Amino acid sequence: MVVGKRVTGKARHAISFLIMLFLVFSSFTNLTFAKSSNKVDIGKDTPKRPFPQHVTYTEGTIKPNHVSQDEMDATVARLYDEWKERYLRQNPYDKDQYYVFYNHNGESTNDPREAITVSEAHGYGMMITALMAGHDPKAKNYYDGLYRYFRAHPSEINPQLMAWQQAIINDEIVDVNGIDSALDGDMDIAYSLLLADKQWGSDGEINYLKQAKLVIDAIMESEVHQTDYYLKLADWAADDSKTYGIATRPSDFMLQHLQAYKMISGDERWNKVIDKTYSIINDVFAEYSPNTGLLPDFLLKDLDTGKFKPAHAWFLESSRDGDYYWNSSRVPWRITTDYLVTGDDRAIAQLSKLNSWIRGTTADNPVNIKRGYKLDGTQLSNNAGDAAFSAPFTVSAMIDEANQQWLNDLWDYNVGKETAKGAYFANNIRLLSMIIVSGNWWSPTAPSLDHMNNLLETYITNGEVNGPLTNQLTNSLKQAEHQYVNGQQKQAIKAMEDFIKHINNQGLQKHITIDSKRVLILNAEALIQLWTD
């Protein structure tokens with residue numbers, strides 16, 4: 001008893017101290033939990049891949065080396081802020097929507113002059129806001145508003161695609177000049193939705209991934225030729241039309257977009273589209289521009305040979321439809337991006353010739369880049385100085401270290417232009433080009449364990465992978481990650497091969513959908529190839 005009292009006496013202070021510690025800890029824990037809960041709520045808007053990203057592109061490619069990475073990031077951020085101030089508009093009749101205004105300088109030169117935007121501009125805006133999240137804390141708000149505007153203006157032919165032009169008439173935003181699509185806007189919108197899924201996740205108000213797949217499938221259904229698998233102009237260009245169904249536009253050759261569509265959809269037809277697109281590039285280059293690498297605004301399929309040739313004058317837009325003009329000014333940017341990100345080098349000869357020709361014809365001075373050329377290199381105009389033509393060459397210069405000084409000069413020339421003095425087309429192309437050149441363009445479907453885990457988690461959540469297959473695939477991915485992190489590459493590859501074996505187990509086919517099976521296998525094989533290389 002004495003011992004007991006003595007222990008109790010000594011313990012009294014200890015117990016009091018422990019109680020105080022418990023209360024303090026409880027308060028701290030509650031506070032921390034509350035903060036954590038808040039973070040969860042805020043986290044839905046917090047970007048997972050915030051600007052800047054500093055992506056490493058294909059080995060051997062270059063970036064400007066006369067300015068620091070921080071300086072490039074700051075320049076891109078400045079250009080974005082200026083872009084947002086000038087072009088991003090809130091719908092005056094629906095505050096939940098935003099659009100990219102494109103008519104500051106009378107870009108809509110014919111009916112109707114009241115036009116405010118086109119799907120091309122909208123696609124640019126959706127990619128830009130998704131990529132600049134992190135720099136702009138309101139990027140998700142803007143992106144979602146742009147998405148709502150897109151969905152408010154569907155094409156009448158395929159409602160998963162966007163009507164190509166809108167105007168404000170009688171205090172209302174209405175679709176004009178045909179309520180149908182344009183391929184370039186649809187392709188950028190689809191790609192932006194994949195970016196948004198990786199940036200903010202798809203468990204919020206908008207399921208970005210689901211919407212991306214809907215648009216991607218619609219592009220395949222309505223804007224890809226169903227027999228020859230080339231990219232058409234729009235959903236209104238019927239396959240059997242001998243006027244417009246035989247046409248394609250090189251500025252729509254967004255090959256890296258196509259690679260992403262393949263990886264996220266698992267649709268093997270995208271491989272046919274990619275192969276056909278590269279084939280067209282090289283055929284036209286060899287036949288019509290072997291000394292310049294230039295591609296025209298529009299191409300038409302010869303019904304006798306099946307080969308594509310430059311369009312005739314006034315095919316669709318102007319007397320320059322068969323020349324390197326305003327549409328094709330984007331070609332060096334669009335085609336080069338695939339090489340930078342995926343390493344696909346099937347257009348490297350055309351791009352190399354394009355670079356050597358433009359350097360030669362300008363005497364390595366960006367000021368001398370003209371507004372358009374014939375495919376043999378003859379200039380169409382004495383006018384120069386438009387970023388719509390010069391900025392894309394900044395991207396193509398990245399493919400070879402021999403272009404280093406040319407790239408540096410192009411960077412300085414393009415970023416030095418005043419946004420307020422430029423047109424919508426030039427400023428949007430310049431911003432997207434400089435995002436790439438600064439190393440801040442990234443692929444939402446690049447093969448990685450993180451991408452595989454996200455895909456599998458999405459399919460499990462949606463019930464597309466279920467039952468015993470859930471644990472088998474989850475465990476295989478965990479094993480692959482464990483081995484890879486520990487430098488055991490062969491064992492990591494073996495775990496991914498087991499992942500594929502589980503998917504192909506005939507006794508478990510009822511636990512996985514056909515679509516999710518295709519996508520998971522395609523991405524697993526890409527990851528194995530990456531590790532093997």
Side-chain angles (χ1 to χ4, degrees), residues 118-120 155-158 160-165 177-188 190 216-255 257-258 261 267 269-290 293-331 334-335 346-347 350 372 374-376:
V118 284
S119 61
E120 166 205 283
S155 167
E156 284 186 342
I157 297 174
N158 190 321
Q160 296 298 338
L161 306 175
M162 184 175 177
W164 81 278
Q165 187 182 46
N177 279 333
I179 309 177
D180 42 42
S181 76
L183 175 62
D184 56 347
D186 296 327
M187 289 185 71
D188 282 339
I216 290 167
D217 289 346
I219 293 171
M220 173 59 77
E221 175 187 343
S222 299
E223 295 178 321
V224 171
H225 195 280
Q226 296 301 293
T227 303
D228 291 344
Y229 293 100
Y230 55 83
L231 296 166
K232 299 189 299 179
L233 303 178
D235 62 2
W236 51 262
D239 281 13
D240 59 0
S241 168
K242 294 183 179 180
T243 303
Y244 300 113
I246 61 172
T248 191
R249 183 169 66 159
S251 60
D252 295 339
F253 292 176
M254 308 173 204
L255 287 143
H257 285 21
L258 299 177
Y261 300 166
D267 188 338
R269 290 177 296 175
W270 287 115
N271 274 328
K272 295 182 179 181
V273 181
I274 294 166
D275 292 345
K276 185 66 175 182
T277 303
Y278 272 117
S279 175
I280 293 171
I281 291 169
N282 286 307
D283 285 348
V284 174
F285 165 48
E287 183 70 21
Y288 298 99
S289 60
L294 294 168
L295 300 181
D297 273 13
F298 296 97
L299 290 164
L300 301 178
K301 185 175 72 171
D302 188 304
L303 296 178
D304 293 325
T305 66
K307 298 285 188 177
F308 281 82
K309 60 185 179 181
H312 53 78
W314 298 106
F315 158 69
L316 188 65
E317 292 187 3
S318 77
S319 63
R320 301 302 184 186
D321 282 352
D323 299 320
Y324 182 86
Y325 205 44
W326 288 101
N327 280 291
S328 274
S329 68
R330 297 170 285 185
V331 163
R334 292 297 200 183
I335 296 179
R346 281 179 280 179
Q350 177 258 335
K374 292 183 179 180
L375 298 191
D376 65 3

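The shown structure was predicted, so the numbers you read here are calculated from the model rather than taken from an experiment. Just the heavy atoms: all of them, side chains too, but no hydrogens, waters or symmetry mates, feed the values below.
- Using a 4.5 Å cut-off on side-chain heavy atoms (C-beta onward), Thr248 and Lys301 make no contact.
- A side-chain hydrogen bond (donor to acceptor under 3.5 Å, both in side chains) with Arg249 holds for exactly one of Asp297, Asp184, Asp321; it is Asp184.
- Atom CG of Leu258 sits about 10.0 Å away from atom CZ of Phe253, to the nearest 0.5 Å.
- Here Arg346 pairs with Asp275 in a salt bridge; the nearest charged N to carboxylate O distance falls below 4.0 Å.
- Ser289 and Leu375 get closest at one heavy-atom pair: CB-O, 3.7 Å.
- In this structure, CD on Gln350 lies 6.5 Å from CZ on Phe285, to the nearest 0.5 angstrom.
- Contact between Ala247 and Tyr230 at its shortest, heavy atoms only, is O-CE1, 3.9 Å.
- Note that CH2 of Trp236 and CD1 of Ile179 are 15.5 Å apart. Values are rounded to the nearest 0.5 Å.
- Side chains of Asp235 and Ser181: a donor-acceptor N/O pair is present below 3.5 angstrom, by distance only.
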Verdict with reasoning, Trp270 to Ile219, per side-chain contact (heavy atoms from CB on, under 4.5 Å)
CA-CA 11 Å; Trp270 287 115; Ile219 293 171; 3.9 Å; yes
Candidate pair Lys276 and Leu231, rule side-chain contact (heavy atoms from CB on, under 4.5 Å), full reasoning
CA-CA 9 Å; Lys276 185 66 175 182; Leu231 296 166; over 6 Å; no
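- Taking CG from Leu299 and OG from Ser328, the interatomic distance works out to 7.5 Å, rounded to the nearest 0.5 Å.
- A side-chain donor-acceptor contact under 3.5 Å links Tyr261 to the backbone of Met187.
- Shortest non-hydrogen contact noted between Leu295 and Ile335 is CD1-CD1, 3.9 Å.
- To the nearest 0.5 Å, atom CZ of residue Phe298 and atom CG of residue Asp323 are 12.0 Å apart.
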Listed pairs under 3.5 Å, donor-acceptor, residues 306-320 side chains, sequence neighbours left out:
from: Lys307; atom 1: NZ; to: Asp283; atom 2: OD2; distance (Å): 3.1
from: Glu317; atom 1: OE1; to: Asn327; atom 2: ND2; distance (Å): 2.9
from: Ser318; atom 1: OG; to: Arg320; atom 2: N; distance (Å): 3.0

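- Looking at Arg269 and Asp267, a side-chain N of the basic residue comes within less than 4.0 Å of a carboxylate O on the acidic one, giving a salt bridge.
- Thr277 places none of its side-chain heavy atoms less than 4.5 Å from the side chain of Ile280.
- The two residues Tyr325 and Gly372 make their nearest non-hydrogen contact at CD1-CA, 4.1 Å.
- Neither side chain, Gln226 nor Asp239, offers a donor N or O lying under 3.5 Å from an acceptor on the other.
- Asp252 contributes atom CG, which lies 7.0 Å from atom CZ of Arg330 (distance to the nearest 0.5 angstrom).
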Given side-chain contact (heavy atoms from CB on, under 4.5 Å), test Asp188 with Met254 step by step and report yes or no.
CA-CA 9 Å; Asp188 282 339; Met254 308 173 204; 3.5 Å; yes
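- Panel note: side chain Lys232, backbone Ala237; a donor-acceptor pair is recorded below 3.5 Å.
- Ser119 and Met162 get closest at one heavy-atom pair: CB-SD, 3.8 Å.
- Here the closest heavy-atom approach between residue Glu223 and residue Ala182 is recorded as OE2-C, 3.9 Å.
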